[in-house]
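Read the numbers this way: they start at 1 and go in the same order the structure lists the ligands and their atoms. By convention here, the first residue in the shown sequence is residue 1.
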Amino acid sequence: MAVFDTMRRLMNFAFGRRKSLPAYQTEEERDGLRAACRFNAQLLDFLRDHVKEGVTTNELDALAHHYTVEHGHIPACLGYRGYPKSICTSVNECVCHGIPNDRELQSGDIVNVDCTTIVDGWYGDSSETFLIGETSDDAKRITQASFDALWLAIRAIEPYSSVLEIGLAIARFARDQNIGVVENFQGHGIGRMFHQEPGIPHFPVKKSRRDILEPGVCFTIEPMLNIGSGATTSPLDDGWTVLTADGTLSAQFEHQILMTELGPEVLTLTQNGPQEGHKF
Ligand code: MF3
Ligand code: CO
Ligand code: CO
């Protein structure tokens, strides 16, 4: 109801934490973000043709690195807090931050490819999960659910929504399907830095009601959903790889979003990847 929307906006405006959040108000800044995200999506489209049975994740990493550098840009992951590669490749029960290696992808795998690029000082960050060859019903189910959860969250927000609405939308959706939501990793503000305020939890955290998505705030939504529980392991000895605690499959999709005066602008749309409403 319009009157409640107006009330909520006024309350958020008055009591929210919006003033302390980084926000981009000039068209120059917004165009910088758009260009970085457009390139990052283009990189995912380039990799798409190669994410097939028989390719190693190291080969995907090398392809991503060369493509980025050839275009004059910087792979943001490489060297970030000591991360050793240019992309993250998280296979099957790997929740996130999988490090590319020499294992060949095989039929039945699902793999999340997460790319981040720095273009003229601006960060673009997005990811997709790919189904390799013939996959199980569970593999399809968790991939579909994480894709749908991302779009559900995008459609749940508008200018002056609070971050809490994202977590609520995703958690309700996952609960109805008896799917686990990872709580140990979240989306994030992004711009001239890789990770900044606000944090974007994919489950309800009460205090996130104070983080208001006013026009100009740029952030990612990147839900990690598991067939089993949402619990994860600590990073493995490599310092990065995170697995589901119960060994079940995990999938993730990520888009980078600029909240504008007109609503959420999805900056990382691809040309050839799954679009809103896609059925895997
Ligand atoms: N791209 C991831 C994210 O969505 C972060 C990867 S950090 C790395 O936030 F160091 F592992 F690359
Ligand atoms: Co991210
Ligand atoms: Co990412």
Tell me whether E265 is salt-bridged to R30, with the criterion being a basic N under 4.0 Å from an acidic carboxylate O.
no
Option nearest atom 9 (O) of ligand 1 (shortest heavy-atom distance, choices E254, R81, H195)
H195
Could you establish whether T116 and ligand 1 come within less than 4.0 Å of each other, counting only heavy atoms on the residue side?
yes
Looking at H65 versus Y67, is the centre-to-centre ring distance below 6.0 Å?
no
Polar contacts were defined as any N/O atom of the residue lying under 3.5 Å from an N/O atom of the ligand; does this apply to W240 and ligand 1?
no
Looking at the rings of H278 and W151, which for Trp means the six-membered one, are their centres under 6.0 Å apart?
no
Looking at E254, the N, O or S atom sitting nearest the Co ion (ligand 2) is OE2
Which residue and heavy atom of the protein sit nearest atom 12 (F) of ligand 1, plus the separation
C77 SG, 2.9 Å
Does K85 reach ligand 1, in the sense of a heavy atom lying below 4.0 Å from it?
no
Minimum-distance atom from the Co ion (ligand 2) among N, O or S atoms of D125:
OD2
Using a 6.0 Å cut-off, check whether atom CD of E28 has over 12 heavy atoms from anything other than its own residue.
no
Indicate the ring-plane relationship of H97 and F185, choosing parallel, tilted or perpendicular according to the 30° and 60° boundaries.
perpendicular
Taking the six-membered ring for Trp and the full ring for Phe, Tyr or His, determine whether the centres of F39 and H71 are under 6.0 Å apart.
yes
Contact between ligand 1 and F194 is defined here as a heavy atom of the residue under 4.0 Å from a ligand atom; is it met?
yes
For E222, the atoms of ligand 1 under 4.0 Å from one of its heavy atoms are 3 (C), 4 (O), 9 (O)
Suppose we only count N/O/S atoms under 2.8 Å; would H188 qualify as near the Co ion (ligand 2)?
yes
Could you tell me if the ring centre of H202 sits under 6.0 Å from that of F173?
no
When you measure from the Co ion (ligand 2) to the N, O or S atoms of D114, does any of those distances fall below 2.8 Å?
no
Would you check if the Co ion (ligand 3) lies under 2.8 Å from any N, O or S atom of E222?
no
When you look at CG of D137, are more than 12 heavy atoms from neighbouring residues, nucleotides or ligands closer to it than 6.0 Å?
no
